[in-house]
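Working notes for the structure below.
The chains referred to below are lettered A, B, ... by the order of the sequence lines, with proteins before strands, and numbering in each begins at 1.
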Protein chains: 2
Amino acid sequence: MGRLPPERPGQPGGKRDRNRRKRLAQLREAGLRLFLEHGVERVTIDDIAKEAGTAKGNFYRYFEDKPDLVAGIVQPADEALRNAFDRCEAALEEAYDEATLFAAYQTLAIGMLPLAVGYPDVVRLYLQESRAPSAGARAPIRALADHIRERAVYLTRFAVDQGLLSIRDPRISALAVVGAVEQLTWSFLSGELDAPPDEIARTLISLVLSGIRS
Amino acid sequence: MGRLPPERPGQPGGKRDRNRRKRLAQLREAGLRLFLEHGVERVTIDDIAKEAGTAKGNFYRYFEDKPDLVAGIVQPADEALRNAFDRCEAALEEAYDEATLFAAYQTLAIGMLPLAVGYPDVVRLYLQESRAPSAGARAPIRALADHIRERAVYLTRFAVDQGLLSIRDPRISALAVVGAVEQLTWSFLSGELDAPPDEIARTLISLVLSGIRS
DNA sequence: AAATAACGTGACTGTGTGGTCATTCTTGTG
DNA sequence: CACAAGAATGACCACACAGTCACGTTATTT
């Protein structure tokens with residue numbers, strides 16, 4: 001990801017380094033803004049360059065193409081998310097009763113919260129494009145969506161296999177929860193739902209609990 | 001929607017009429033196929049005409065442009081959906097206790113089922129593009145999505161206002177249910193979830209019930 | 001069967017886009 | 001300070017696309 005050669009001068013706080021980071025950030029932010037407003041596919045490289053206040057040719061110094069930029073925008077949130085899942089899985093493997101199981105799932109929620117707070121626009125972009133076909137510029141986002149569903153299902157299936165949970169079909173419950181969480185997050189981040197976040201969390205928890213107990 | 005002039009010859013089962021209907025169906029089906037495979041924005045009019053086995057210029061005889069085709073593809077399912085909501089609302093206005101309330105919501109489910117069975121690809125397209133920005137070719141789909149959420153919220157809020165339901169925030173519950181239903185439908189129609197539909201329905205019902213009772 | 005008008009065709013035009021590149025500007029180095 | 005190399009620019013090219021149109025084809029009407 002990114003086109004910058006490994007060799008570059010004055011890496012520490014030099015002016016070159018600062019400029020490079022600034023340009024990268026500008027391009028990512030410009031892309032994110034435009035993607036949210038018009039959808040990834042309708043935004044052109046010219047648009048992005050203009051919005052970032054730089055020349056088109058310069059874009060290609062930093063990114064291969066649009067998919068590469070999308071991947072670059074999503075990457076930090078992507079990593080944070082995978083880590084949250086990792087931590088939850090680790091906790092889950094130690095769980096031995098309903099309380100520790102619940103704590104493990106709480107780990108996931110706690111891991112995801114800073115993500116929505118730290119990268120709200122990236123999360124919005126993810127939700128906006130997560131069902132895109134798995135080819136084209138939006139491919140990295142779709143891949144992330146598939147990953148999330150997969151791991152959510154795994155988390156539930158594992159608990160069932162361990163006898164910690166007795167639900168009929170772990171896939172169905174997991175997907176239902178993912179869908180509910182994503183829809184609420186989407187509405188909230190879009191400003192359509194001006195409910196207090198803790199109230200949303202409360203509903204989700206009771207929803208998960210009911211999923212656990214049915 | 002559609003560009004055909006109101007005046008046209010031999011309306012009944014004449015050859016003109018049959019040809020016209022066939023072309024319309026071919027164009028809609030071709031568009032739907034390609035939209036699902038590549039995403040609405042990446043499909044060109046040339047692609048659609050070619051897939052439908054006709055010349056490009058002919059496309060414009062039947063549709064204004066791509067947004068118009070999208071609207072034409074979605075329209076039947078759109079109407080069926082609005083009707084299902086209408087019927088549910090009518091039943092809801094007659095409801096006076098938990099049983100009749102539950103029956104009213106069941107009306108909605110029963111109204112939606114034939115939709116997913118009758119137009120599975122249209123539903124998939126809707127789910128794929130429902131969070132698109134509200135400008136461009138995907139606008140009709142986004143508008144439908146907004147409509148669905150709005151009415152789902154209304155349905156819940158009404159029940160709460162009537163004292164039939166006692167949940168903390170009707171918006172949150174409604175959106176959670178919409179999210180769960182849509183995600184499960186998406187996974188099912190994408191072939192990722194090969195669970196029996198009645199099992200999915202069972203989980204959804206218990207989910208709605210838990211939403212009602214919390 | 002002749003006339004009429006919708007239907008269907010594909011070449012054509014103008015515009016917009018992805019990607020390149022010679023050139024100029026800026027930063028780092030000896 | 002001079003020189004090298006990265007950074008930035010915007011003109012440029014090839015191409016793909018939306019939408020049009022003059023023309024040929026097919027159904028309908030009289």
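Straight-line distance from the CZ atom of A:F59 to the P atom of D:dA11: 20 Å, rounded to whole Å. Between the CD atom of A:Q26 and the P atom of D:dT9 there is a distance of 10 Å, given to the nearest Å. What separates CG of A:N19 from P of D:dA8 is a distance of 6 Å, to the nearest Å. Straight-line distance from the CG atom of B:D46 to the P atom of D:dT20: 14 Å, rounded to whole Å. A:R18 has its CZ atom 13 Å from the C1' atom of C:dG28, to the nearest Å. Note: NZ (A:K50) to P (D:dA11) measures 13 Å, nearest angstrom. Rounded to an integer number of Å, the gap from A:E41 CD to C:dT17 C1' is 14 Å. In this structure, B:I48 places its CD1 atom 11 Å from P of D:dG19, rounding to the nearest Å.
Closest to the side chain of A:R61, out of C:dT27, D:dA7, D:dG10, is D:dA7. Proximity note for A:T44 (side chain, C-beta onward) versus C:dT9, C:dG19, C:dT17: the nearest is C:dT17. The B:R16 side chain lies nearest to C:dC7 when the options are D:dA18, D:dA8, C:dC7. Of the candidates D:dG19, D:dA8, C:dT17, D:dG19 carries the atom nearest the B:D65 side chain, counting heavy atoms from C-beta on. You'll find that the side chain of A:R20 is closest to D:dA7, out of C:dT9, D:dA7, C:dG18.
The minimum heavy-atom distance between B:A152 and B:A174, with the atom names listed, is O-CB, 3.6 Å. Taking both residues in full, the closest heavy atoms of B:F188 and B:A195 are given as CE1-O, 3.5 Å, listed atom of the first, atom of the second, then distance.
Contact annotation: A:K15 side-chain N/O to C:dT27 OP1/OP2 distance is under 4.0 Å. In terms of phosphate contacts, A:Y62 brings a side-chain nitrogen or oxygen within less than 4.0 Å of OP1 or OP2 of D:dA8. Residue B:R23 has no polar side-chain atom (N or O) positioned under 4.0 Å from OP1 or OP2 of C:dC7.
Nearest-nucleotide positions on DNA chain C place A:I45 closer to the 5' end than the other of A:I45 and A:N58. Mapping B:Y60 and A:K56 onto DNA chain D via the closest heavy atom, the residue that lands nearer the 5' end is A:K56.
Using a 4.0 Å heavy-atom criterion, one finds that A:K66 contacts no nucleic acid atom at all.
You'll find the side chain of B:R157 stays beyond 4.5 Å of the side chain of B:Y154, heavy atoms only.
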Taking distance alone, no hydrogens or angles, what donor-acceptor pairs closer than 3.5 Å link side-chain atoms of residues 135-144 of chain A to residues at least two apart or in another chain?
unit_1 : atom_1 : unit_2 : atom_2 : d
A:R138 : NE     : A:E41  : OE2    : 3.3
A:R138 : NH1    : A:E129 : OE1    : 2.8
A:R142 : NE     : A:D146 : OD1    : 3.1
A:R142 : NE     : A:D146 : OD2    : 3.4
A:R142 : NH1    : A:A132 : O      : 2.8

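A salt bridge is absent between A:D47 and A:K50: the closest approach of a Lys/Arg side-chain nitrogen to an acidic carboxylate oxygen does not fall below 4.0 angstrom.
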